[in-house]
S.K.: 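Just passing along the structure, written as structure tokens.
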Amino acid sequence: MSFGSRPVRVGIVGAGGRGRLHARNVLLAGGTVTAIAEPRRERRARLADACDVPEQARFARWTDLAERADLLDVVVIATQDNDHVDPAIAFAERGVHLLVEKPIAPDEAAALRVAEVVRRTGVLFSICHPLRYAPYTAALVAALRAGRIGDLVSVQHLEPVGAWHFAHSYVRGEWRREDLASSLLLAKCSHDVDLLTHLVGARPTRLSSFGRLSHFRSDKQPEGASSRCLDCAVEPTCPYSAPRLYRSCLGDPEWEHQLLGAVTEVPTAEALDEALRTGPYGRCVYCCDNDVVDHQVVAFEFDSGITATHTVTAFSDLAPRQTRVFGTHGAVEGDGHALRFHDFRAHPGQAVETITPGDGRPPHQEGDEELVRAFLRAVADDDPSAVLTGLDETLTSHRIVWAAERSRRSGETVTLDWDPLGDSVGVGR
């Protein structure tokens with residue numbers, strides 16, 4: 001993506017899994033990665049080498065990169081959830097456009113600090129909510145807006161996290177505790193909430209939420225199990241066996257990149273066993289310090305009377321999100337690959353049409369690429385219209401999540417009042 005006579009220059013802050021993914025998508029979109037900031041030397045070197053970043057543009061601290069803002073047009077903030085605010089503010093103050101991993105911040109006060117600086121400096125901003133950008137989503141939204149199923153009545157949306165993925169990220173991993181990252185709903189599902197508002201085309205006015213940590217607790221540990229998988233008599237039959245999961249990744253470049261890289265920097269059997277013996281990913285899932293919920297449901301009501309539900313659960317196969325939309329003339333079911341439209345007007349016969357938008361990959365994957373491409377295009381053309389998940393959309397989805405967490409903890413139905421700019425100005429029973 002060209003900016004004048006040169007590609008858009010992008011810095012990556014955080015060279016973990018998401019940082020590496022965004023760097024790859026920058027290159028696919030025709031941009032260039034001109035700088036890396038990452039405290040872990042091995043990760044920093046691996047990504048910098050892959051992107052041909054010169055030695056003088058490789059930084060251990062993001063603060064050092066911020067002092068060289070002249071190297072960048074855009075910065076990708078892909079640090080841990082609690083570490084987005086300070087770098088986002090620092091780079092925005094220096095006129096660098098912001099592409100920020102979800103969430104913008106774990107709490108509303110911190111998010112508003114970022115919003116104030118973005119509005120004052122005028123930099124372009126987007127949160128990494130890729131679902132809006134996927135061809136699958138675009139086809140679904142276009143059909144709904146065209147009245148394909150009549151008037152919209154209700155939506156049912158499921159995020160099946162997958163048992164092994166949940167154990168990896170939300171029990172043993174870096175998103176296991178709210179004080180280290182954020183709630184499960186914010187860390188994993190803020191873009192699902194964004195998708196629901198996008199499908200309905202409105203913001204909810206009331207919601208209730210229920211969920212808890214039901215299974216990954218010490219009182220659920222099987223008899224005879226130990227605190228680490230390598231020493232456990234139950235491990236061969238445990239569905240959450242760390243050796244079985246991580247050893248299966250060895251020799252597969254994609255899984256070594258996506259999953260094993262969090263466990264060990266060196267993808268060998270010896271290094272993996274040492275990591276499982278001493279590191280966090282070898283712990284029994286019933287002996288960790290996790291506190292995020294392992295299942296949750298949110299029920300929404302909109303001013304128009306439309307209702308929606310969102311369910312997130314650890315207890316599933318790893319699968320694409322599943323969405324069902326119900327209208328007065330028909331319904332549509334989406335499984336992340338295909339959309340199946342049912343036409344009630346064909347009664348008593350059954351009229352079903354299936355379409356497969358995009359290239360067949362899950363919407364998250366396609367959306368990741370399209371999100372980066374759209375943001376670089378917006379920067380290159382100085383045209384914010386290419387950004388579908390800007391500051392207003394981000395604050396909307398995050399405020400809904402924070403309200404849902406208040407409901408889950410209190411047991412009350414929460415009412416949301418929105419001002420004309422989309423800011424939530426009142427929350428009550």
Side-chain angles (χ1 to χ4, degrees), residues 13-14 18 62-63 66 69 74-129 132 175 178-198 202-207 209 292 298 300 371 375 378 384 387-410 414-429:
V13 175
R18 297 299 293 174
W62 68 261
T63 51
V74 171
V75 66
V76 175
I77 307 295
T79 53
Q80 277 300 109
D81 296 12
N82 273 331
D83 299 326
H84 293 171
V85 172
D86 289 343
I89 289 174
F91 283 100
E93 292 282 12
R94 290 165 172 81
V96 180
H97 304 294
L98 301 176
L99 185 59
V100 181
E101 255 304 327
K102 62 177 173 59
I104 187 174
D107 62 83
E108 187 166 8
L112 291 177
R113 288 176 54 211
V114 177
E116 186 279 324
V117 175
V118 168
R119 286 168 174 154
R120 174 165 50 80
T121 59
V123 300
L124 291 178
F125 171 92
S126 183
I127 200 75
C128 292
H129 281 172
R132 282 203 189 210
W175 290 272
E178 291 193 21
D179 64 326
L180 297 177
S182 57
S183 68
L184 177 68
L185 198 64
L186 188 60
K188 190 75 178 78
C189 300
S190 57
H191 55 345
D192 295 278
V193 170
D194 176 71
L195 175 66
L196 282 172
T197 63
H198 189 42
R203 305 177 184 92
T205 52
R206 292 201 303 165
L207 61 81
S209 183
V292 299
V298 188
F300 304 91
L371 182 152
F375 193 74
V387 178
L388 304 180
T389 51
L391 190 60
D392 290 342
E393 292 82 5
T394 299
L395 291 176
T396 292
S397 63
H398 284 39
R399 279 171 160 143
I400 293 169
V401 169
W402 291 321
E405 284 300 287
R406 286 194 289 274
S407 173
R408 181 180 69 83
R409 295 175 192 280
S410 69
V414 172
T415 299
L416 291 162
D417 298 318
W418 303 93
D419 74 9
L421 296 178
D423 290 337
S424 175
V425 295
V427 176
R429 294 181 63 177

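Values below: every heavy atom of this structure, side chains too, minus hydrogens, waters and symmetry copies.
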S.K.: Do you know which two heavy atoms are closest between Val401 and Ser183, and how far apart they sit?
M.R.: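 Looking at all heavy atoms of both residues, the shortest contact is CG1-OG, 4.4 Å.
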
S.K.: Apply side chain to side chain contact (heavy atoms under 4.5 Å, CB included) to residues Val76 and Val13 and explain how you reach the verdict.
M.R.: CA-CA 6 Å; Val76 175; Val13 175; over 6 Å; no

S.K.: Quick one: does any side-chain atom of Ser126 pair with a main-chain N or O of Thr389 as donor and acceptor, under 3.5 Å?
M.R.: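 Answer holds: yes.
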
S.K.: Could you pull out the closest heavy-atom pair between Leu180 and Asn82, with the gap in Å?
M.R.: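 Of all heavy-atom pairs spanning Leu180 and Asn82, the closest is O-ND2, 3.1 Å.
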
S.K.: Please examine the side chains of Leu98 and Phe91, heavy atoms only from C-beta on, and report whether any two atoms are closer than 4.5 Å.
M.R.: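 SC-SC contact between Phe91 and Leu98 confirmed.
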
S.K.: Within a strict 4.5 Å, meaning less than it, do heavy atoms of the Cys128 and Lys102 side chains meet?
M.R.: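 Side chain of Cys128 against side chain of Lys102, heavy atoms only: no contact under 4.5 Å found.
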
S.K.: For residues Leu186 and Pro103, report the shortest heavy-atom separation together with the two atoms involved.
M.R.: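 Closest heavy-atom pair between Leu186 and Pro103: CG-CB, 3.6 Å.
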
S.K.: Is there a donor-acceptor pair closer than 3.5 Å between any side-chain N or O of Trp402 and the backbone N or O of Pro106?
M.R.: yes

S.K.: Run the numbers on Leu391 and Ile104 for side chain to side chain contact (heavy atoms under 4.5 Å, CB included), then give the verdict.
M.R.: CA-CA 9 Å; Leu391 190 60; Ile104 187 174; 4.2 Å; yes

S.K.: Parallel, tilted or perpendicular: which fits the ring planes of Phe375 and His97, with parallel below 30° and perpendicular above 60°?
M.R.: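 Taking His97 first and then Phe375, their aromatic rings stand perpendicular (interplane angle over 60°).
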
S.K.: Are any of the side-chain heavy atoms of Asp86 and Thr63 separated by less than 4.5 Å?
M.R.: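 No. Closest side-chain heavy atoms not under 4.5 Å.
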
S.K.: With no hydrogens and no angle check, do the side chains of His129 and Ser190 hold a donor and an acceptor under 3.5 Å apart?
M.R.: yes

S.K.: So, for Ala69 and Val96, which heavy atoms are closest and what is the spacing to 0.1 Å?
M.R.: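 Where Ala69 meets Val96 most closely, the heavy atoms are CB-CG2, 3.9 Å.
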
S.K.: Could you tell me whether a side-chain N or O of Thr394 sits under 3.5 Å from a main-chain N or O of Gly390, the two making a donor and an acceptor?
M.R.: yes

S.K.: Please report the shortest heavy-atom distance between Pro204 and Trp418, naming the atom on each side.
M.R.: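 Nearest pair, atom of Pro204 first, then Trp418: O-NE1, 2.9 Å.
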
S.K.: Hey, could you give me the CG/OG distance between Asp192 and Ser397, rounded to the nearest 0.5 Å?
M.R.: 10.5 Å

S.K.: Decide, yes or no, whether a salt bridge links Asp107 with Arg113 under the criterion of side-chain N to carboxylate O below 4.0 Å.
M.R.: no

S.K.: Verify side chain to side chain contact (heavy atoms under 4.5 Å, CB included) between Arg132 and Glu393, making sure each step is shown before the conclusion.
M.R.: CA-CA 11 Å; Arg132 282 203 189 210; Glu393 292 82 5; 3.8 Å; yes

S.K.: Should Leu207 and Ser407 be marked as a side chain to side chain contact (heavy atoms under 4.5 Å, CB included) after you check the CA-CA gap, both sets of side-chain angles, and the distance that decides it?
M.R.: CA-CA 8 Å; Leu207 61 81; Ser407 173; 4.0 Å; yes

S.K.: Once rounded to the nearest 0.5 Å, what's the spacing between atom CZ of Arg399 and atom OG1 of Thr396?
M.R.: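 Nearest 0.5 Å value for the CZ-OG1 distance: 7.5 Å.
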
S.K.: Looking only at atom types and distance, does a side-chain atom of His84 sit under 3.5 Å from a main-chain N or O of Glu101, one as donor and one as acceptor?
M.R.: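 Side chain of His84 to backbone of Glu101: a pair is present.
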
S.K.: I need the Ile77 CD1 to Phe125 CZ distance, nearest 0.5 Å.
M.R.: 10.0 Å

S.K.: How far apart are the closest heavy atoms of Val414 and Ala403, and which atoms are they?
M.R.: CG2-O, 3.8 Å

S.K.: Which distance, rounded to the nearest 0.5 Å, do you find between the CD of Glu178 and the CG of Leu184?
M.R.: 9.0 Å

S.K.: Rounded to the nearest 0.5 Å, what's the gap from CG on Asp417 to CZ on Arg206? Could you check?
M.R.: 12.0 Å

S.K.: Can you confirm whether more than 12 heavy atoms, excluding those of Arg18, are under 6.0 Å from its CZ atom?
M.R.: yes

S.K.: Roughly how far, to the nearest 0.5 Å, is the CZ atom of Phe300 from the OG1 atom of Thr205?
M.R.: 11.5 Å

